A.B. asks: 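Input: one structure, supplied below.
First the proteins, then the strands, lettered A, B, ... as listed; each starts at 1. Keep in mind it's a predicted model, so treat the numbers as computed, not measured. The basis for the numbers below is simple: all heavy atoms, side chains too, and nothing from hydrogens, waters or symmetry mates.
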Number of protein chains: 2
Amino acid sequence: MSDWVQRTSETLERAGYRASGPRRAVVEVLGRQRCVVTARDIADVLREEGRDVGLATIYRALDVLSRLGSVQRLDVGEGSALYEPAHANGEHHHHLVCDRCGDVSAFEDPQLERAIGRLAQRVDYQVAGHDVVLRGACPRCVA
Amino acid sequence: MSDWVQRTSETLERAGYRASGPRRAVVEVLGRQRCVVTARDIADVLREEGRDVGLATIYRALDVLSRLGSVQRLDVGEGSALYEPAHANGEHHHHLVCDRCGDVSAFEDPQLERAIGRLAQRVDYQVAGHDVVLRGACPRCVA
DNA sequence: CTGAGTGCAAACAGTTTGCATTACT
DNA sequence: AGTAATGCAAACTGTTTGCACTCAG
């Protein structure tokens, strides 16, 4: 079981949530993802594994998990919301979205993080998080 | 008439679109916005001015305008998509979104732009644009 | 045993689309 | 006159909600 699944289960328990089968299943699928997935993606994976979970349950689980800070939600405006496991150590990445095929991939950039960190101090909001999305053409679509 | 409205009208004409009243009205409302608005916001403003325009028409106009690069669309996942005039000179800003009240405000940061510029060269996508969203609590909600 | 959690289906909200009508060019 | 553009209403899509049932604690 991945670190994230472990920690997330503990977070849920500590917050007083019950360890139900369906929610656990959602957490496990999320734990195996390296990048973003939609609610439907999760449902599909679970169906293939023979442990069907209703979409409503998946949305409810994602809601709880993002509220607890264990998953990060991303909206790129192509229909459905994207979700990914959020890692506790502050380590996180951002996304490249292909305008043509909708493909999403990840990148990290410490320099960018630093610029955002400095910026966060300058503004009048109490900044809790941030998303950066670069849009353009993915290598496959360029070719 | 603002610069942006002027330039946008020309862009539309050059691209072969007709100068219809309803679309012109949408462009004018957009031209008066300093930051983001929803399709419904535009409809409301127009209704107040007594020049009702159907929502479908507004969506169609926004679609054309963003395809032409004259408006920038932003998805922050609070229901509806946000739109704002895109300025030709490359000058643009990013957004602070309040988690509690949904308020959206703008900021500019050349240092951040530079970091993104450098980054764009390093990745394997052909980067055409970017969005940065900082999330947190707005001054009013903090108090 | 009690209520959090679930699944289903119905309800919703934003957006898109088909089609008859209007109005630029 | 010809055709892009509009308005309306119906269709769609992703997400949320109400409710009876189930199961973890």
A.B. asks: Counting side-chain heavy atoms from C-beta on, which of D:dG25, D:dT17, C:dG14 comes nearest to A:Ala56?
C.D. replies: D:dT17
A.B. asks: Rounded off to whole Å, could you give me the CG-to-C1' distance for the A:Leu12 and D:dA24 pair?
C.D. replies: 14 Å
A.B. asks: Of all the nucleotides listed (D:dG25, D:dA5, C:dT6), which has the minimum atom distance to the side chain of A:Ser20?
C.D. replies: C:dT6
A.B. asks: Rounded off to whole Å, could you give me the CD1-to-P distance for the A:Ile42 and D:dT15 pair?
C.D. replies: 11 Å
A.B. asks: Is A:Asp52 touching bases, backbone alone, or none of the nucleic acid, heavy atoms closer than 4.0 Å?
C.D. replies: sugar-phosphate
A.B. asks: From CD1 of B:Ile58 over to P of C:dG14, roughly how many Å is that when rounded to an integer?
C.D. replies: 14 Å
A.B. asks: Starting at atom CZ of B:Arg23, determine the distance to atom P of D:dG7, rounded to an integer number of angstrom.
C.D. replies: 11 Å
A.B. asks: Please report the distance, rounded to the nearest Å, between OH in A:Tyr59 and C1' in C:dT6.
C.D. replies: 17 Å
A.B. asks: Taking B:Trp4 for the side chain and B:Pro85 for the main chain, is one N or O donor matched with an acceptor at less than 3.5 Å?
C.D. replies: no
A.B. asks: Using atom CG of B:Asp75 as one end and atom P of D:dT15 as the other, report the distance to the nearest whole Å.
C.D. replies: 12 Å
A.B. asks: In terms of the nearest nucleotide of DNA chain C, which residue is placed more toward the 5' end: B:Gly21 or A:Tyr17?
C.D. replies: A:Tyr17
A.B. asks: Tell me whether the centres of the aromatic rings in B:His95 and A:His130 are closer together than 6.0 Å.
C.D. replies: no
A.B. asks: Using atom CG of A:Leu62 as one end and atom C1' of D:dT16 as the other, report the distance to the nearest whole Å.
C.D. replies: 13 Å
A.B. asks: Any idea which of D:dA4, D:dA24, D:dT17 is nearest the A:Arg18 side chain?
C.D. replies: D:dA24
A.B. asks: How about CD on A:Gln126, more than 12 heavy atoms from neighbouring residues, nucleotides or ligands closer than 6.0 Å, or not?
C.D. replies: no
A.B. asks: Using OP1 and OP2 only, check whether a side-chain N or O of B:Thr57 sits under 4.0 Å from D:dA5.
C.D. replies: no
A.B. asks: Are more than 12 heavy atoms from other residues, nucleotides or ligands located less than 6.0 Å from atom CD of B:Glu13?
C.D. replies: no
A.B. asks: Could you check whether A:Glu108 pairs with B:Arg122 (Lys NZ or Arg NE/NH1/NH2 to Asp/Glu carboxylate O, under 4.0 Å)?
C.D. replies: no
A.B. asks: With nearest nucleotides of DNA chain C determined for B:Arg60 and B:Ala19 from heavy-atom distances, which residue corresponds to the more 5′ nucleotide?
C.D. replies: B:Arg60
A.B. asks: Whole angstroms only, please: what is the CG-P distance between A:Asp63 and C:dT6?
C.D. replies: 12 Å
A.B. asks: Would you indicate which nucleotide in C:dT2, C:dG14, C:dC24 comes nearest to any side-chain atom of B:Ser80?
C.D. replies: C:dG14
A.B. asks: Quick one: the side chain of A:Arg24 and the base of C:dG5, do they pair up donor-acceptor inside 3.5 Å?
C.D. replies: no
